[in-house]
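The structure under discussion appears below in the form of structure tokens.
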Amino acid sequence: MAQETVNLEQEVVLVEELGNARVVTLNNPKQLNVISPKVVVLLAANLEKWEEDEKAKLVIIKGAGRAFSAGGDLKMFYNGRNSKDSCLEVVYRMYWLCNHIHTYKKTTVALVHGISMGGGASLMAPMKFSVVTEKTVFSTPEASIGFHTDCGFSYMLSRLPGRLGEYLGLTGARLNGKELVAAGLATHFVPLEKLPELEKHLLNLNTGDEDAVGSAIKEFSTDVQIDEESILKKQSIIDECFSKDSVADIISSVETEAGKEGNNWIVPVLKGLKRSSPTGLKITLRSIREGRKQTLSECLKKEFRITINTLRARISGDVYEGIRALTIDKDNSPKWDPSTLEDVEDERVNLVFEPFEEDFELKVSENEQDRWDGKYEDSAYCHQ
């Protein structure tokens with residue numbers, strides 16, 4: 001058994017090469033396996049190497065500890081707030097990596113227990129097989145802190161049934177394992193106690209044949225029956241409210257529903273929307289709706305523009321205020337600027353969607369021959 005570990009101050013990614021399988025463990029459990037610059041670099045390097053390695057047939061990714069991945073390192077973004085583009089490199093590398101995860105040529109399996117949020121879930125949802133458990137918790141909470149649904153989620157959420165994507169993106173609502181399978185964001189539900197046995201079985205198969213891997217996972221999986229109180233049982237109300245033209249109209253519609261008998265579940269949804277960053281909400285709604293008509297690469301390029309402009313505080317510094325309130329001071333009392341939806345003018349929102357000069361766009365190749373081109377090292381940013 002050959003095992004290759006990576007030491008960069010801390011082994012944030014562990015790699016095992018076991019026969020024809022390659023096992024990746026996100027290994028920063030104290031920080032819920034956040035996606036740091038090191039993690040992105042190591043994932044990209046290994047995935048490229050394995051795609052070109054004939055001996056590598058199956059890639060399994062999992063998280064150490066009680067989380068799969070809580071997503072991006074918010075403190076990293078906050079600490080770089082006064083240095084222009086301090087996080088541009090990791091953002092570029094991550095979105096470029098997201099494209100390759102979606103389009104990966106080898107069979108991929110994510111074994112997901114615990115938290116799988118934001119960018120962390122971009123290592124789950126696009127996999128050929130994504131296995132979740134009763135302990136899995138998913139959400140895309142970025143809008144609430146003045147950010148937006150990124151890492152390809154303007155593409156993925158926009159393709160969910162009805163207006164579920166808008167609902168998840170704007171509210172940051174959580175889905176459990178069974179709900180993820182029912183919604184189409186995961187492929188199989190396996191009880192947590194069976195997960196180690198499933199992994200061992202996949203390794204023993206020693207194959208990347210999709211049918212064989214899928215059949216093996218199915219043997220361990222259970223049929224999904226979602227609870228009556230699940231948000232997925234509220235699809236008609238979600239579609240009614242979250243199909244409205246604007247964030248203001250959506251909130252107004254939610255308010256109307258919250259006043260009806262038997263709709264207690266929507267009251268905290270309304271409170272959450274009213275507490276969230278008006279700027280983050282407007283950007284997120286537009287991004288998801290544009291995503292319905294965009295390809296994956298178009299979504300990632302758009303998300304890159306939004307993220308860089310947001311981190312540059314081009315129209316608002318809400319993302320830093322949101323992170324401060326949530327993770328730095330932990331007072332949960334952000335002071336948004338602008339403070340109301342009315343004050344977030346559409347003309348201002350347009351600015352974060354504006355294309356960059358061609359050389360400064362995210363480079364995502366759609367040609368098979370050069371699909372691994374466009375790396376950060378070759379970008380205009382690296383040669384400024």
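Bear in mind the structure is a predicted one, so any value in this text is a computation, not a measurement.
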Is the gap between the ring centers of F220 and H201 under 6.0 Å?
yes
cation_pi(R286, F353) dist<6.0 Å, angle<=45:
yes
Atom of A183, atom of P161 and distance for their closest heavy-atom approach
O-CD, 4.0 Å
Establish whether V112 and L157 are linked, either directly or via other cluster members, by ILVMFWY side-chain heavy-atom contacts under 4.5 Å.
yes
Please determine, by modelled atom types, if S297 and T295 share a side-chain donor-acceptor pair under 3.5 angstrom.
yes
When you look at K363 and E358, which way does the salt bridge (Lys or Arg N to Asp or Glu O under 4.0 Å) test go after all the steps?
CA-CA 9 Å; K363 300 299 182 186; E358 182 58 34; 3.2 Å; yes
Rounded distance (nearest 0.5 Å) linking atom CD of E199 with atom CG of L18
8.5 Å
Run the salt bridge (charged side-chain N to carboxylate O under 4.0 Å, His left out) test against K57 and tell me which residues pass, sequence neighbours left out.
none
Establish, from distance only, whether the side-chain atoms of E51 and W372 form a donor-acceptor pair under 3.5 Å.
yes
Do the side-chain N and O atoms of T307 and H148 include a donor-acceptor pair separated by under 3.5 angstrom?
yes
Short side-chain donor-acceptor distance under 3.5 Å, K302 and S154:
yes
Side chain T340, main chain D343, donor-acceptor under 3.5 Å
yes
Please check: side-chain N/O of N46 versus main-chain N/O of L42, any donor-acceptor pairing under 3.5 Å?
yes
SG/C151 to CE/M156 distance, rounded to the nearest 0.5 angstrom?
8.0 Å
Donor-acceptor pair, K293 side chain versus R289 backbone, under 3.5 Å?
no
Would you sort out whether S365 and D370 count as a side chain to side chain donor-acceptor pair (under 3.5 Å), showing the intermediate values?
CA-CA 7 Å; S365 175; D370 54 7; 2.6 Å; yes
Counting N and O atoms only, with roles assigned by atom type, does the side chain of E321 sit under 3.5 Å from a partner on the main chain of K335, one being a donor and the other an acceptor?
yes
Begin with the C-alpha distance, continue with both residues' side-chain angles, and end with the deciding distance and a verdict on salt bridge (Lys or Arg N to Asp or Glu O under 4.0 Å) for K233 and E179.
CA-CA 10 Å; K233 296 284 190 179; E179 290 170 326; over 6 Å; no
All heavy atoms of M124 vs all of S130, minimum pair found to be O-CB, 3.4 Å
So which heavy atom on E11 is nearest to which on N27, and how close?
O-ND2, 2.9 Å
Under the side chain to side chain donor-acceptor pair (under 3.5 Å) criterion, do S252 and D249 qualify, and how do the steps go?
CA-CA 5 Å; S252 177; D249 289 343; 5.9 Å; no
What residues form a ring pair (Phe, Tyr, Trp, His ring centres under 6.0 Å) with F77, not counting sequence neighbours?
none
Under the rule for side chain to side chain contact (heavy atoms under 4.5 Å, CB included), what residues qualify as partners of E354, not counting sequence neighbours?
R314, L351
Between N350 and E347, is any side-chain donor less than 3.5 angstrom from a side-chain acceptor?
no
Taking the ring centre of each residue, are Y376 and Y381 less than 6.0 Å apart?
no
Do D239 and S236 have side-chain N/O donor and acceptor atoms under 3.5 Å apart?
no
Non-hydrogen atoms of E229 and K234 that approach each other most closely:
O-CE, 4.2 Å
Can you tell me how far apart OG1 (T107) and NZ (K105) are? Round to the nearest 0.5 Å.
12.0 Å
If you group Ile, Leu, Val, Met, Phe, Trp and Tyr by side-chain heavy-atom gaps below 4.5 Å, do I323 and I315 land in one group?
no
Between T108 and F129, is there a side-chain heavy-atom distance shorter than 4.5 Å?
no
Atom pair OG1/CE of T140 and M117 - distance to nearest 0.5 Å
10.0 Å
Out of curiosity, does V40 fall in the hydrophobic cluster containing V24 (side-chain heavy atoms, cut-off under 4.5 Å, transitive links)?
yes
Starting from L168, can I reach V137 by hopping between I/L/V/M/F/W/Y residues whose side chains sit under 4.5 Å apart?
no
Go through E298 and K301 one step at a time and tell me if the salt bridge (Lys or Arg N to Asp or Glu O under 4.0 Å) criterion holds.
CA-CA 5 Å; E298 287 170 341; K301 290 176 181 180; over 6 Å; no
Between M94 and S122, the two heavy atoms sitting closest are CE-OG, 3.3 Å
Of the options N33, T25, V39, which is the one that meets V13 in a side-chain contact (heavy atoms from CB on, under 4.5 Å)?
V39
Aromatic Y155 / basic R159 pairing, under 6.0 angstrom, 45° off normal
yes
Quick one: do the T149 and E142 side chains pair a donor with an acceptor below 3.5 Å?
no
According to a hydrophobic-cluster definition based on side-chain heavy atoms being under 4.5 Å apart (Ile, Leu, Val, Met, Phe, Trp, Tyr only), do V269 and I226 belong together?
yes
Show the nearest heavy-atom pair for residues A56 and W50, with the distance to one decimal.
CB-O, 3.7 Å
Checking the side chain of R275 only, and the main-chain atoms of N332 only, is there a donor and an acceptor separated by less than 3.5 Å?
no
Nearest 0.5 angstrom please: F242 CZ to L285 CG, how far?
9.5 Å
For the CG atom of L74 and the OH atom of Y320, what is their distance to the nearest 0.5 Å?
11.5 Å
Might you work through the salt bridge (Lys or Arg N to Asp or Glu O under 4.0 Å) test for K178 and D227, ending with a clear yes or no?
CA-CA 9 Å; K178 290 182 178 179; D227 298 333; 5.9 Å; no
